Asker: 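Encoded as structure tokens, here's the structure I'll be asking about.
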Amino acid sequence: MIRPRRSAVLLLGLRNLYILPTGFGWLWLLCCVVLYLLAINGGSNGALLLAYGGVGLFLLAPYLTQFNLQGLELRCGTPEPGFASERLPYPLLASSSQERLQLRARFRGAAAGWSGSLQPGHQPLALPWQPARRGLQRPGRLRLEATAPLGLFVCWTLWEPETPQLIYPARRPGPVATLAAAQGELEGSGGGLEEQQGSEEWRELGPHRPEEGPTRLAWKQLARSGTRLSKRFSDPQPGALLLAPDPAVPYEQALEHLCERLCRLAAAGEAFGVALERSGGEPLVIPPATGAAQLQRCLEALALAPGAGGGTHPL
């Protein structure tokens with residue numbers, strides 16, 4: 001049984017390359033044998049020479065196929081975070097001193113892979129994979145193979161990239177728990193309570209705009225000075241929500257619901273925070289705020305949160 005090596009860098013050589021004839025290679029060899037027998041029985045020197053040439057090409061093919069991969073170096077890149085149950089790219093950096101023809105790479109269990117040729121130098125690759133759960137996850141076993149240049153043999157290697165990728169919970173709509181309404185200044189909002197129009201008492205006057213309608217006109221000032229002014233109202237904006245997993249739902253499913261709600265609030269520009277329980281200590285509370293950085297903090301906390309039993313997801 002071939003055990004793939006787990007590392008951050010893989011240099012292909014004689015110790016980690018394997019080679020076998022392809023189906024086309026076995027058919028080629030069979031044709032050479034049949035041609036040889038026909039040449040012997042028929043006394044045809046031309047057919048005999050053709051059979052010898054086919055066998056010679058078959059014996060040369062494994063060396064040419066192996067040289068297409070030997071010396072190639074693969075290095076793990078820096079994976080960007082993503083969501084579980086979605087197709088994500090895993091970055092690799094390929095370094096080669098020569099051209100590599102018709103390579104194919106795929107993670108085990110992946111629906112799609114990467115195929116193409118490599119030019120001399122450094123070239124970034126992005127191999128798709130679909131993580132099934134949250135946490136720091138590795139994509140698993142990678143198979144890199146090539147049949148070029150003749151297609152008679154397949155040469156391959158197995159490798160497990162060591163660098164993990166941060167995986168957020170899957171985004172699925174559902175109920176979440178609201179622990180508190182945070183009042184006061186919100187982080188990143190510029191300070192103070194935000195203002196919105198609609199109070200019964202106006203705060204100031206400003207130039208009237210046609211889209212505001214006649215209900216906001218300051219009629220007393222209009223009667224006195226003839227200037228069309230609008231009333232500006234202010235109300236304190238409702239407190240930002242502090243969200244938590246719904247205790248009535250299984251924990252992992254509740255994290256998925258919370259993940260989807262956070263993404264929806266961030267897209268709407270609303271403020272939000274997260275409270276997560278931690279085993280043997282105080283709960284983790286991320287104060288309400290707005291922006292992409294706040295969403296990233298909350299999603300990272302969901303991804304690395306202990307499981308329902310207090311454990312963490314293994315790599």
Side-chain angles (χ1 to χ4, degrees), residues 1-35 50-80 87-131 137-165:
M1 180 179 179
I2 301 176
R3 293 185 178 181
R5 179 186 176 187
R6 176 181 292 180
S7 61
V9 180
L10 176 68
L11 179 61
L12 300 183
L14 297 178
R15 294 179 177 269
N16 50 24
L17 287 176
Y18 312 94
I19 190 167
L20 282 174
T22 62
F24 175 66
W26 287 117
L27 182 61
W28 179 279
L29 185 60
L30 179 61
C31 291
C32 291
V33 173
V34 172
L35 187 59
L50 188 60
Y52 284 148
V55 173
L57 191 60
F58 183 83
L59 295 178
L60 181 63
Y63 299 98
L64 298 178
T65 306
Q66 179 182 334
F67 292 156
N68 191 35
L69 284 179
Q70 187 172 335
L72 177 63
E73 181 183 89
L74 296 177
R75 188 180 301 269
C76 293
T78 303
E80 294 292 334
R87 182 177 296 182
L88 305 177
Y90 189 87
L92 297 175
L93 179 63
S95 301
S96 175
S97 59
Q98 65 184 42
E99 186 179 7
R100 312 286 176 171
L101 302 174
Q102 300 177 10
L103 306 182
R104 296 187 299 271
R106 176 182 293 188
F107 287 112
R108 183 174 61 178
W114 173 89
S115 62
S117 300
L118 296 177
Q119 300 300 322
H122 303 284
Q123 182 172 337
L125 306 177
L127 273 68
W129 74 296
Q130 187 169 323
Q137 304 292 337
R138 296 190 180 98
R141 179 179 301 180
L142 172 67
R143 178 185 173 100
L144 174 65
E145 66 180 25
T147 57
L150 300 177
L152 299 178
F153 283 80
V154 55
C155 184
W156 79 94
T157 187
L158 299 178
W159 178 43
E160 288 190 4
E162 188 178 36
T163 303
Q165 188 169 7

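The first residue of the sequence shown is numbered 1, and numbering continues consecutively from there. Predicted, not measured: the structure shown is a model, and the values here were computed from it.
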Asker: What do the steps show when you test Ile19 against Thr65 for side-chain contact (heavy atoms from CB on, under 4.5 Å), and what is the final call?
Answerer: CA-CA 8 Å; Ile19 190 167; Thr65 306; 4.2 Å; yes

Asker: Evaluate the ring planes of Phe107 and Tyr90, with Trp represented by its six-membered ring, and classify them as parallel (under 30°), tilted (30 to 60°) or perpendicular (over 60°).
Answerer: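 Perpendicular.
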
Asker: Between Pro91 and Pro79, is any pair of side-chain heavy atoms under 4.5 Å apart?
Answerer: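 SC-SC contact between Pro91 and Pro79 confirmed.
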
Asker: Can you tell me how far CG of Leu127 sits from CG of Leu92, rounded to the nearest 0.5 angstrom?
Answerer: 5.5 Å

Asker: Could you tell me if the side chain of Glu99 sits less than 4.5 Å from the side chain of Leu118, heavy atoms only?
Answerer: no

Asker: Does Leu142 reach the side chain of Arg106, with side-chain heavy atoms less than 4.5 Å apart?
Answerer: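 They are not in side-chain contact.
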
Asker: How close do Gly13 and Gln70 get, counting heavy atoms only, and between which atoms?
Answerer: CA-CG, 4.2 Å

Asker: Could you tell me whether the side chain of Thr157 and the main chain of Leu144 form a donor-acceptor pair under 3.5 Å?
Answerer: no

Asker: So, Arg100 side chain and Gly116 main chain: donor-acceptor pair closer than 3.5 Å or not?
Answerer: no

Asker: Counting only heavy atoms from other residues, nucleotides and ligands, does the tally under 6.0 Å from CD of Glu80 exceed 12?
Answerer: no

Asker: So does Val154 get a backbone contact from the side chain of Thr147, meaning a donor-acceptor N/O pair under 3.5 Å?
Answerer: no

Asker: Write down the atom of Gly140, the atom of Pro161, and the distance for their closest heavy-atom approach.
Answerer: O-CD, 3.5 Å

Asker: Would you call Arg104 and Glu145 a salt bridge, taking side-chain N to carboxylate O under 4.0 Å as the test?
Answerer: yes

Asker: Going from CZ on Phe153 to CZ on Phe24, what distance comes out if it is rounded to the nearest 0.5 angstrom?
Answerer: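 Result: 12.0 Å between the selected atoms.
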
Asker: Give the intermediate values and the outcome of side-chain contact (heavy atoms from CB on, under 4.5 Å) for residues His122 and Leu93.
Answerer: CA-CA 7 Å; His122 303 284; Leu93 179 63; 4.1 Å; yes

Asker: Applying side-chain contact (heavy atoms from CB on, under 4.5 Å) to Glu73 and Leu12, what does each step give before you reach the verdict?
Answerer: CA-CA 6 Å; Glu73 181 183 89; Leu12 300 183; over 6 Å; no

Asker: Find out whether Leu35 and Leu50 are in side-chain contact, i.e. whether some heavy atom of one side chain is under 4.5 Å from a heavy atom of the other.
Answerer: yes

Asker: Mind checking the CZ-SG spacing from Phe58 to Cys31? Nearest 0.5 Å is all I need.
Answerer: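 With rounding to 0.5 Å, CZ (Phe58) is 11.5 Å from SG (Cys31).
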
Asker: Hey, is OH on Tyr18 packed in by over 12 heavy atoms from elsewhere, all under 6.0 Å?
Answerer: yes

Asker: Determine the minimum heavy-atom distance between Thr163 and Cys76, stating which atoms define it.
Answerer: OG1-CB, 3.3 Å

Asker: Is there side-chain contact between Trp129 and Arg108, with heavy atoms separated by less than 4.5 Å?
Answerer: no

Asker: Are any non-hydrogen side-chain atoms of Gln66 and Leu14 less than 4.5 angstrom apart?
Answerer: yes

Asker: To the nearest 0.5 Å, tell me how far Arg3 CZ sits from Glu160 CD.
Answerer: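 The CD atom of Glu160 is 11.5 Å from CZ of Arg3, to the nearest 0.5 Å.
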
Asker: Between Leu20 and Trp156, does a side-chain contact (heavy atoms from CB on, under 4.5 Å) hold up when you go through it step by step?
Answerer: CA-CA 9 Å; Leu20 282 174; Trp156 79 94; 3.9 Å; yes

Asker: Heavy-atom count around Trp28 CH2 within 6.0 Å, excluding the residue itself: above 12?
Answerer: no

Asker: Between the side chain of Asn68 and the main-chain N/O of Leu101, is any donor-acceptor distance below 3.5 Å?
Answerer: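 Yes; judged by distance alone, with no hydrogens or angles, the pair exists.
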
Asker: Rounded to the nearest 0.5 Å, how far does CG of Leu88 lie from CD of Gln165?
Answerer: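 Between Gln165 CD and Leu88 CG, I get 5.5 Å after rounding to 0.5 Å.
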
Asker: So, do Leu158 and Arg141 sit near enough that their side-chain heavy atoms are less than 4.5 Å apart?
Answerer: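 When only atoms from C-beta onward are counted, Arg141 and Leu158 do touch, with a gap below 4.5 Å.
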
Asker: With distance as the sole test, does Ser96 use its side chain to make a donor-acceptor pair with the main-chain N or O of Leu72 at under 3.5 Å?
Answerer: no

Asker: Report yes or no: does Gln98 contribute a side-chain atom to a donor-acceptor pair with the main-chain N or O of Pro120 at less than 3.5 Å?
Answerer: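 Looks like no, no N/O pair under 3.5 Å.
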
Asker: Does Arg138 reach the side chain of Glu162, with side-chain heavy atoms less than 4.5 Å apart?
Answerer: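 Yes - at least one pair of side-chain heavy atoms lies under 4.5 Å apart.
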
Asker: Could you give the distance from CZ (Phe67) to SG (Cys155), rounded to the nearest 0.5 Å?
Answerer: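 SG of Cys155 is found 10.5 Å from CZ of Phe67.
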
